[in-house]
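Data first, discussion second: the structure below is written as C-alpha cells.
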2 protein chains.
Amino acid sequence: MTSNQIKESARNHFSENGYDGTSMSQIADDVGIKKQSIYTHFKDKDKLFLEVCKDVFADELSFVMNFIDSNKTRPIEDFLFDFLLQYKERYAKNNSTKFWLRISFFPPTHLYEQAMKYVYEYLDKLEELFVPVIGKSMSEGEISSIIGAERATAAFLGVLDGVFVEMLYGGSERLQKRLDASWYLFWRGLSND
Amino acid sequence: MTSNQIKESARNHFSENGYDGTSMSQIADDVGIKKQSIYTHFKDKDKLFLEVCKDVFADELSFVMNFIDSNKTRPIEDFLFDFLLQYKERYAKNNSTKFWLRISFFPPTHLYEQAMKYVYEYLDKLEELFVPVIGKSMSEGEISSIIGAERATAAFLGVLDGVFVEMLYGGSERLQKRLDASWYLFWRGLSND
DNA sequence: ATCACCCTTCCGAACGTTCGTCAGTATATA
DNA sequence: TATATACTGACGAACGTTCGGAAGGGTGAT
C-alpha cells in the first residue's frame with residue numbers, strides 16, 4: 001500500500017527536519033512517485049501530518065501499555081529502570097519516538113491545538129497508567145509510601161523526559177551518564193530508609 | 001541601533017516558529033523596515049541566525065555564572081532549588097531561553113554543527129560550573145558524599161531538563177507539579193540518611 | 001472472449017505564492 | 001563629499017496545490 005509508504009517516509013522526514021523542513025517532493029522521492037501523487041492519498045500536507053501524528057500516538061501508547069502489561073508483576077525497581085532502558089533502545093531504532101518528541105516540544109504553529117491534543121492525551125494516559133503501579137508497590141512496602149504515588153510518578157516522568165532530552169543531543173556516553181545518574185538519585189530518593 | 005532590533009525580533013520569531021518557520025519579511029515587518037534592508041546589517045539569513053545563537057549563548061551562560069557567583073555561599077538545598085525556580089521564571093519572561101531550548105533540541109539541519117558547537121559548549125560549561133559547588137557541599141557534609149559530585153551534578157541537570165520540557169508544554173500547574181515532585185525526590189536522594 | 005465502463009493510481013504541466021537574495025538608487029547624517 | 005542606511009524592483013528557485021488525462025485492473029453485460 002502506497003499510503004503506508006508515504007506515511008512512513010513522512011514520519012522519517014518530519015522527525016528529522018520538522019514540518020516546515022520537509023517538502024512533499026522529498027517524501028515523494030523516497031517513495032518513488034511524484035509529489036502530485038501524494039494528493040491521491042491525502043487531502044493536503046496538514047492532513048498527512050496529522051495522520052502521521054495519530055499513528056505515532058497510537059504506536060507510543062501501545063508500546064507503553066504493552067510494557068506495563070508484561071512487566072507489572074516484576075519488582076518496581078526493575079520495572080521502572082527497564083522502562084527507561086527500553087525507551088532508550090526504542091528511540092535509537094524507531095523513528096516514531098523521534099517524531100513524537102519533535103511534535104511534543106515544537107509542533108507546527110498552525111496545527112498546535114490538533115497536535116497537542118494527542119500529546120496531552122498521551123501524557124495524561126502515561127500518568128494514569130503509572131500511578132497505580134507505583135501506588136501498588138508502595139502499599140506493598142517496596143518503596144517508601146511517605147512520598148505518595150502521584151508525586152513519585154511525576155518525578156519518574158521527569159526523569160524520563162530528562163533522558164529524552166539527552167537522547168536528542170545524540171552523544172551516547174553522555175546519555176549513559178545521565179541515565180545512570182538520574183536513576184541512581186531517583187531510586188535513592190524512592191527507597192525505604 | 002537597527003541591528004539589535006533585527007536580532008531581537010529574529011530571536012522572538014526563531015524561538016516561536018523555528019528557523020524554517022521564520023521569514024525575513026516577518027522580522028522586517030516587526031522592525032518596521034523592508035526585508036531587503038536586513039541585508040544591510042547581515043550577510044544572509046544563516047548569518048543572522050548564528051549571530052542570534054551567539055548572543056543567546058552568551059546570555060544563558062552569563063545568567064548561570066551570575067547566579068552561581070551570587071549564591072554559592074548559600075546552603076546547597078536553597079542554592080539548587082532556587083536555580084530551578086529562577087530558570088523557570090526566566091523562561092516565562094525571556095525569549096532567550098525559549099530560543100535556546102529550541103535550537104538545542106532541534107537545530108536547523110544545515111547549521112547543525114555550528115549551532116551545536118554553542119550547545120555543547122554551554123552544556124560542558126554548566127557541568128564544569130556545578131560540579132565544584134556540589135562537590136564542596138559534599139566535603140562539608142551538607143549532602144551525602146557517597147554519591148559523588150559528578151553523578152549528583154548529572155542528575156541535577158537531568159532534573160533541570162525535565163523541568164524545561166514541562167515548560168515547553170505550557171501548562172503552569174503541570175509545571176509546578178513536576179518541579180515539586182522532581183525536586184522532592186532528587187533532594188531526598190541527595191540527603192544524608 | 002470481447003467490449004464498455006468505472007475506479008484507482010500516477011504523472012506532466014502549470015498555477016499562484018512565498019521565499020531568500022541581489023543590484024541599483026535615494027536620503028540623511030557627519 | 002563620503003558613509004551608512006533604507007528603499008524600489010526584480011530575480012530564480014522552491015513551495016503546496018490543482019487540473020486533465022494516461023495507464024491499469026476489475027466488473028458486468030454481451
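Quick caveat: nothing in here was measured; it's all calculated off a predicted structure. Residue numbering restarts at 1 for every chain, and letters A, B, ... go by the order of the sequence lines.
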Practice item. Go through the structure and list residues passing side-chain hydrogen bond (donor to acceptor under 3.5 Å, both in side chains) with B:K7, not counting sequence neighbours. Key: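 Residues passing side-chain hydrogen bond (donor to acceptor under 3.5 Å, both in side chains) with B:K7: B:D55.
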Practice item. Return the set of residues passing side-chain hydrogen bond (donor to acceptor under 3.5 Å, both in side chains) with B:S23 (not counting sequence neighbours), or none when no residue passes. Key: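 Listed in chain order: B:S25.
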Could you tabulate the donor-acceptor pairs under 3.5 Å formed by side-chain atoms of residues 161-170 of chain A, not counting sequence neighbours?
unit_1	atom_1	unit_2	atom_2	d
A:D161	OD2	B:R178	NH1	2.5
A:D161	OD2	B:R178	NH2	3.0
A:E166	OE1	A:R178	NE	3.2
A:E166	OE1	A:R178	NH2	3.3
A:E166	OE2	A:R174	NE	3.4

Under the salt bridge (charged side-chain N to carboxylate O under 4.0 Å, His left out) test, which residues partner [X], sequence neighbours left out?
{"X": "A:K34", "result": "none"}
{"X": "B:K43", "result": "none"}
{"X": "B:E150", "result": "A:K177"}

Check your understanding: Over how many whole Å does the gap from B:I6 atom CD1 to D:dA4 atom C1' extend?
Key ->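 Result: 13 Å.
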Practice item. Applying ring pair (Phe, Tyr, Trp, His ring centres under 6.0 Å), name anything that partners B:Y39, two or more places apart in sequence or on another chain. Key: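 Not a single residue meets the ring pair (Phe, Tyr, Trp, His ring centres under 6.0 Å) criterion with B:Y39.
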Practice item. Taking ring pair (Phe, Tyr, Trp, His ring centres under 6.0 Å) as the test, write out the residues that go with B:Y120, two or more places apart. Key: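 For B:Y120, no residue satisfies ring pair (Phe, Tyr, Trp, His ring centres under 6.0 Å) once neighbours in sequence are set aside.
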Check your understanding: Is there a residue in residues 31-43 of chain B whose heavy atoms reach under 4.0 Å of DNA chain C, and which residues are they?
Key ->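 Output list: B:K35, B:Q36, B:Y39.
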Review point. Which nucleotide span of DNA chain C, 5' end to 3' end, has atoms closer than 4.0 Å to non-hydrogen atoms of chain B?
Key: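 So the outermost contacting nucleotides come out as C:dC19 to C:dC22.
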Review point. Does any pair with a residue in residues 99-117 of chain A pass salt bridge (charged side-chain N to carboxylate O under 4.0 Å, His left out), and if so which ones, sequence neighbours excluded?
Key: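 Passing the test, one end in residues 99-117 of chain A: no pairs.
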Check your understanding: What parts of residues 13-23 of chain B reach DNA chain D, counting only heavy atoms under 4.0 Å away?
Key ->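 The answer is none.
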Check your understanding: Looking at A:W187 versus A:F81, is the centre-to-centre ring distance below 6.0 Å?
Key ->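 When the ring centroids of A:W187 and A:F81 are compared, they turn out to be at least 6.0 Å apart.
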